[in-house]
Amino acid sequence: MSSPLATEFERVSLPLEHAFTIARGTQETAENVVVRIEDGEHTGVGAAAPSGHYGETPATVEAVLPDLLAEVEAVGDPLAFDAVDARLDRVVNDNPAAKAAVRIALHDLAAKRLDVPLYRLLGLDPARTVTSSFTIGLDDTPTMREKTREAVEAGYPVLKTKLGTDRDAEIVRAVREEAPDARIRVDANEAWSPREAVEMCEVLADHDVEFCEQPVPAEHPEGLRYVYERAPLPIAADESCVTLEDVPRIADACDIANLKLMKCGGPRQAVEMVHAARAHGLDVMLGCMVETNAAIAAACHLAPLLDYADLDGSLLLAEDPYDGVPLPAGEVDLSDVDRPGTGARPTGR
Ligand code: MG
């Protein structure tokens, strides 16, 4: 008979290596909330990386966690995913990052109790690897050139450059010049009008860009479809694809669904979205926020389900209090991950 579950949470302020700029704004630190769930023998860890774009802040996460964690304690069984999921959604609406933190910690604890890595609990094949992109944030063009050179020298073969400036064509040309052999993706974070996006997609295709993420605002779904029907390269939906209900809505308006645990609310919710996306003929990408390995480690265990990964959030931090699944040259390789749970552990331990 196991001990009752004990829970706690803690807000952590994570300075970034470089200020991170996308079309919507700049951040210099990431505010995450780490959740721990203990059963007397093992500790499961997870984290929330709330995004104001989706209506959450560290304060909202801290406000709802006591209610969410009370439900976990009431169920008392870390393997009772269904029961916990239902109770979390009954007690609090929305708040996906807060729920993701709880569910990641629960998955970590459940896998530790079974003494298996999380991918084993999910029944996934660790030999199926995918290479994460490394993100180049917005900056002046010479600095983006320099960041690209550093990423290439660090061995990252897949780059994702942010766009959404008045010199996007210049940026793409510079990044391609510095990384002639890299797979390059771009993310406009809703910055363009549909017509601008179609024009830019021509430029992107000329520079052999692999796909274009979220070219237009999510609030106008017909805009995404307009671009998709005219663009000469694949289109990915991120801000347009938040939860399971969005998958059928974007199915005829893009090629790739970009999922995130912090948008959909947890690992099982992401798996549901993977299968829904595939059923609708979409390829699947899993991304992250700027966030600690305490959260990203769980996402890495879903890599065998993916076509594309963008799981570099911890790599953008100056330091991370947690180690997770290693990403040598961006490769999400689970074949050497034999530590039980997600593999997240305090740095240096
Ligand atoms: Mg994106």
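Just so you know, ligand 1 is whichever comes first in the structure, and atom 1 is the first atom listed for that ligand.
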Exercise: do Gln214 and Ser240 side chains pair donor with acceptor under 3.5 Å: yes
In short, Leu259 meets Ala270 closest at the heavy-atom pair CD1-O, 3.8 Å
What protein atoms of element N, O or S are positioned under 2.8 Å from the Mg ion (ligand 1)? Asp187 OD2, Glu213 OE2, Asp238 OD2
Apply side-chain hydrogen bond (donor to acceptor under 3.5 Å, both in side chains) to Thr57 and list each qualifying residue two or more places apart in sequence or on a separate chain. none
Within a strict 4.5 Å, meaning less than it, do heavy atoms of the Thr43 and Leu109 side chains meet? no
Considering only NZ, NE, NH1 and NH2 on the basic side and carboxylate oxygens on the acidic side, decide whether Arg90 and Glu71 come within less than 4.0 Å. no
Ring-face cation contact, Tyr226 with Arg230, 6.0 Å cut, 45° max: yes
